[in-house]
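Since we're looking at a predicted model, the values are computed, not measured.
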Amino acid sequence: MENPLITVQHEHIVITSKAHKQLRLHVSHYVQTPAHLLCQFAENENNLFAAVFATSHDTPQLARRATSFIRAYLFIADVGAMETAVLQAIDASLRNRPRS
């Protein structure tokens with residue numbers, strides 16, 4: 001069994017499972033405390049009103065927390081590989097957008 005597919009788009013990270021379920025993640029610096037990162041979730045364009053936080057220098061922690069949340073919605077075969085893929089996607093997403 002394979003992990004869901006991760007795609008980094010301009011504003012979002014999209015995670016798609018084999019069953020075509022899709023989660024969107026939006027990672028940004030938290031407005032009220034810019035030293036923190038915020039990862040918000042949506043499913044099929046519907047905001048899930050859920051988020052995970054981590055300090056801005058600890059993207060691995062944000063990836064672990066995001067992966068834990070993702071596991072509630074999608075089957076993940078290899079959690080370690082998924083955390084690594086989410087971390088790479090978070091880093092790429094932040095690198096491709098200016099800090100607001």
Side-chain angles (χ1 to χ4, degrees):
M1 197 78 180
E2 295 179 18
N3 279 340
L5 175 67
I6 298 177
T7 308
V8 179
Q9 297 177 348
H10 179 62
E11 287 289 323
H12 298 94
I13 299 167
V14 178
I15 300 175
T16 308
S17 73
K18 291 279 187 188
H20 302 289
K21 285 183 76 175
Q22 197 173 76
L23 282 179
R24 265 186 319 120
L25 286 66
H26 179 76
V27 179
S28 61
H29 289 272
Y30 188 50
V31 175
Q32 294 176 334
T33 56
H36 287 82
L37 291 171
L38 166 68
C39 180
Q40 297 173 295
F41 301 90
E43 182 177 22
N44 301 324
E45 303 297 324
N46 296 317
N47 189 343
L48 294 176
F49 300 103
V52 293
F53 295 85
T55 57
S56 60
H57 66 277
D58 197 358
T59 53
Q61 180 68 13
L62 187 67
R64 279 190 296 280
R65 291 176 176 173
T67 301
S68 178
F69 184 87
I70 293 163
R71 288 178 68 194
Y73 283 86
L74 305 174
F75 175 76
I76 297 175
D78 184 342
V79 176
M82 188 66 175
E83 280 182 10
T84 299
V86 169
L87 175 59
Q88 291 169 345
I90 288 170
D91 288 340
S93 178
L94 291 172
R95 194 172 42 251
N96 292 335
R97 287 183 286 124
R99 184 175 175 164
S100 48

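Using a 4.5 Å heavy-atom threshold, the side chains of Met82 and Pro4 count as touching. Looking only at side-chain heavy atoms (C-beta outward), Val27 and Thr59 stay at 4.5 Å or farther from each other.
Every residue meeting the side-chain contact (heavy atoms from CB on, under 4.5 Å) condition with Ala85, not counting sequence neighbours, appears here in chain and number order: Ile6. Every salt bridge (Lys or Arg N to Asp or Glu O under 4.0 Å) that Lys18 has, sequence neighbours left out, goes to Glu2. For Ala77, the side-chain contact (heavy atoms from CB on, under 4.5 Å) partners at least two apart in sequence or on another chain are Met1, Asn3, Phe75. Here Gln9 pairs with Thr7, Val14 under the side-chain contact (heavy atoms from CB on, under 4.5 Å) rule; sequence neighbours left out. Residues forming a salt bridge (Lys or Arg N to Asp or Glu O under 4.0 Å) with Arg24 (at least two apart in sequence, or on another chain): Glu45. Every ring pair (Phe, Tyr, Trp, His ring centres under 6.0 Å) that Phe53 has, sequence neighbours left out, goes to Tyr30. A search for side-chain hydrogen bond (donor to acceptor under 3.5 Å, both in side chains) contacts involving Ser68 returns nothing, not counting sequence neighbours. Annotation: side-chain contact (heavy atoms from CB on, under 4.5 Å) contacts of Thr84 (sequence neighbours excluded): Gln88. Under the ring pair (Phe, Tyr, Trp, His ring centres under 6.0 Å) criterion, Tyr73 pairs with Phe69, not counting sequence neighbours. Take Glu43 and apply the salt bridge (Lys or Arg N to Asp or Glu O under 4.0 Å) test, not counting sequence neighbours, and it matches no residue.
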Q. For Leu23 and Leu48, what are the C-alpha separation, side-chain angles and deciding distance, and is it a side chain to side chain contact (heavy atoms under 4.5 Å, CB included)?
A. CA-CA 10 Å; Leu23 282 179; Leu48 294 176; 3.8 Å; yes
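Note that CD1 of Ile15 is 7.0 Å distant from CG of Leu74, once rounded to the nearest 0.5 Å. A distance of 11.0 Å separates NE2 in His36 from CG in Leu62, rounded to the nearest 0.5 Å. With rounding to the nearest 0.5 angstrom, the NE2 atom of His29 is 5.0 Å from the CG atom of Leu37. Note that SG of Cys39 and NE2 of His26 are 9.0 Å apart. Values are rounded to the nearest 0.5 Å. Atom CZ of Phe49 is separated from atom CD of Gln40 by 10.0 Å, given to the nearest 0.5 angstrom. Taken to the nearest 0.5 Å, the CD1 atom of Ile70 stands 8.0 Å off from the CD1 atom of Ile13.
Residues Leu5 and Ile76 do not share a hydrophobic cluster, clusters being chains of Ile/Leu/Val/Met/Phe/Trp/Tyr side chains in contact below 4.5 Å. Transitive grouping of hydrophobic side chains (ILVMFWY, heavy atoms separated by less than 4.5 Å) keeps Leu87 and Leu25 in distinct clusters. Connection of Val86 to Leu38 is not established within any shared hydrophobic cluster, with ILVMFWY side chains joined at heavy-atom distances below 4.5 Å, either directly or through further cluster members.
At distances below 3.5 Å, not a single donor-acceptor pair connects side-chain atoms of Ser93 with backbone N or O atoms of Ala89.
Within the structure, salt bridge (charged side-chain N to carboxylate O under 4.0 Å, His left out) contacts touching residues 67-92 (residues at least two apart or in different chains) do not occur. Sorted by first and then second residue, the salt bridge (charged side-chain N to carboxylate O under 4.0 Å, His left out) pairs involving residues 26-37 (not counting sequence neighbours) form an empty list.
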